[in-house]
Amino acid sequence: MSEIAKIELDGKVYELPVIEGSENEKAIDISKLRELTGYITLDTGYKNTGATKSAITFLDGELGILHYRGYSIEELAEKASFMEVSHLLIYGELPTQTELTNFETNIKKHTLVHEDMKRFFEAFPAQAHPMGVLSSMVSSLATFYPESLDPNRSAEAKNLTIQRILAKLPTLSAWSYKNSIRHKVMYPRNNYNYCENFLHMMFAMPTEDYHIDPIVVSAVNKLFILHADHEQNCSTSTVRIVGSSQANLYSTVSAGISALWGPLHGGANQEVIEMLEQIHKDGGNVDKWILKAKDKEDPFRLMGFGHRVYKNFDPRANIIKKACDDVLQKLGVNDPLLAIAKKLEKVALEDEYFKSRNLYPNVDFYSGIIYKAIGIPTEMFTVMFALGRLPGWIAQWKEMTENKEPIGRPRQVYIGKTSREYVPLSKR
Ligand code: CMC
């Protein structure tokens with residue numbers, strides 16, 4: 001017999017169904033609660049609220065488990081390509097060789113962006129943060145592809161938009177960097193794979209080809225996979241809620257990029273490197289900064305530490321820490337920031353403040369050190385996160401539209417003034 005939850009309100013007992021996910025996660029289905037009782041639930045920050053049923057990503061924060069469509073993140077990060085993982089997330093299965101070739105070929109057909117868009121780049125100030133440029137550019141793609149505005153398009157037409165956005169995000173990302181240094185943009189080269197092409201557009205110059213280093217490509221591939229999806233986080237929930245209004249995919253992803261930019265979310269990777277640089281410049285006194293992070297009067301937080309759902313370890317952080325050692329060693333880079341990061345981690349993990357609050361390094365703690373080692377400028381770190389997260393956002397949007405989820409519209413508990421009469425200006 002299926003479980004039920006009982007709730008007693010105003011002396012009356014109500015029964016609510018309990019639903020169970022495929023990994024035995026349990027939820028009380030409150031979808032009829034207001035109708036039955038007149039009550040709503042209150043959960044600021046959605047710490048206990050399941051916003052959807054999803055078959056894409058499974059995450060167990062207590063055990064440090066992360067699966068995409070049933071495959072462990074450890075296995076995917078070690079063995080798969082980012083394109084395979086993108087296919088897996090978006091279409092539900094790892095592709096066969098033919099499916100993968102078709103997927104990649106279709107994406108390669110759309111890597112160019114309309115020449116008119118180049119003029120938009122020029123209008124941004126050189127110091128413009130690339131995340132601001134990227135979200136504007138992605139949103140403006142909808143104006144070039146007006147057919148994407150129709151929410152009732154065929155599956156084939158939706159797929160075309162998916163291919164377009166996957167193809168164009170690396171181009172727009174690399175061009176936002178080139179524009180910030182006022183260099184000529186580099187056009188995509190379709191003989192390269194997805195990660196190689198991005199690196200080419202970032203680092204090649206009209207005067208000089210970029211040497212594609214397999215160590216760098218493999219590092220980018222791994223980092224993109226680790227970022228590819230993370231169930232209902234801030235940017236993904238933004239994507240689902242914007243998409244639920246039947247807004248087009250470009251605007252929807254643009255909203256996700258804006259949500260990701262914040263320093264408590266994807267923007268943390270830039271903040272981590274800036275923090276490590278600051279500690280380094282300050283003489284590397286890790287204890288002093290740990291004290292600052294613990295001081296409630298001080299706004300400083302240890303960036304790259306803590307997570308809303310991981311309470312023992314972030315499995316992505318473990319993979320990245322190892323990759324960080326490997327990449328730096330293979331590239332022969334000796335970065336003092338890595339030593340500071342490791343010392344910070346060690347001190348924090350032994351400290352009662354961090355232990356009692358279950359604060360551990362998250363995905364952003366070591367990723368910046370790899371990005372720095374492979375030449376990605378600090379302001380581009382969150383763009384790298386966005387590039388990796390794109391297939392996840394697409395998969396979540398696709399799932400939501402296919403399941404015909406209703407428009408997202410939370411309720412609230414109003415705590416403002418009660419009804420009062422308008423007072424004319426002269427009497428105030
Ligand atoms: N440094 C110092 N104290 C911290 C930190 C930190 N990084 N993170 C949390 N705390 C403390 C916090 O002050 C609070 O203490 P108290 O109970 O005494 O008030 C307690 O730990 C719980 O923190 P919270 O802010 O209520 O937890 P949350 O679940 O709302 O926030 C978080 C999670 C990730 C926003 C937070 O840990 C944080 O700000 N971390 C730094 C930013 C960061 O690295 N973000 C990237 C997250 S992973 C990438 C992604 O998927 O976005």
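FYI, side chains are in, hydrogens and waters are out, and symmetry mates aren't considered; it's all heavy atoms of this structure. Just so we're clear, the structure is a prediction, and the values are computed from it rather than from any experiment. All ligand and atom numbering here is 1-based and tracks the order in the structure.
The distance from ligand 1 to the heavy atoms of Ala293 drops below 4.0 Å at these ligand atoms: 2 (C). Residue contact check: Ala268 has heavy atoms under 4.0 Å from atoms 43 (C), 44 (O), 45 (N), 46 (C) of ligand 1. Of all atoms in ligand 1, listed by their number and element, those nearer than 4.0 Å to a heavy atom of Leu264 are 39 (O), 45 (N), 46 (C), 47 (C). Atom numbering of ligand 1 starts at 1 in the shown order; those under 4.0 Å from a heavy atom of Tyr353 are 2 (C), 3 (N), 4 (C), 11 (C), 13 (O).
Residue Gly304 places at least one N or O, backbone or side chain, under 3.5 Å from an N or O of ligand 1. Every N/O-N/O distance between Leu359 and ligand 1 stays at or above 3.5 Å.
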Let me check something: any side-chain donor-acceptor pairs from residues 315-323 under 3.5 Å, sequence neighbours excluded? List them with distances.
{"from": "Arg316", "atom 1": "NE", "to": "Asp314", "atom 2": "OD1", "distance (Å)": "3.0"}
{"from": "Arg316", "atom 1": "NE", "to": "Asp314", "atom 2": "OD2", "distance (Å)": "3.4"}
{"from": "Arg316", "atom 1": "NH2", "to": "Asp314", "atom 2": "OD2", "distance (Å)": "2.9"}
{"from": "Lys321", "atom 1": "NZ", "to": "Glu345", "atom 2": "OE1", "distance (Å)": "3.3"}

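Cation-pi check for Arg301 over Phe305 is not met; the charged atom does not lie both under 6.0 angstrom from the ring centroid and within 45 degrees of its normal.
In this structure, His114 and Phe144 have tilted ring planes: the angle between them lies in the 30° to 60° band. Note: Phe203 and Tyr210 have tilted aromatic rings, judged against thresholds of 30 and 60 degrees for the angle between ring planes.
The closest approach between Val363 and ligand 1 falls below 4.0 Å for a heavy atom of the residue. At least one heavy atom of Lys296 lies less than 4.0 angstrom from ligand 1.
Pairing each heavy atom of Thr96 with each of Glu99, the nearest pair is N-OE1, 2.8 Å.
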Please report the C-alpha distance between Trp175 and Phe120 in whole Å, then the side-chain angles of each, then the deciding distance to 0.1 Å, and finally whether the ring pair (Phe, Tyr, Trp, His ring centres under 6.0 Å) criterion is met.
CA-CA 11 Å; Trp175 285 15; Phe120 299 174; over 10 Å; no
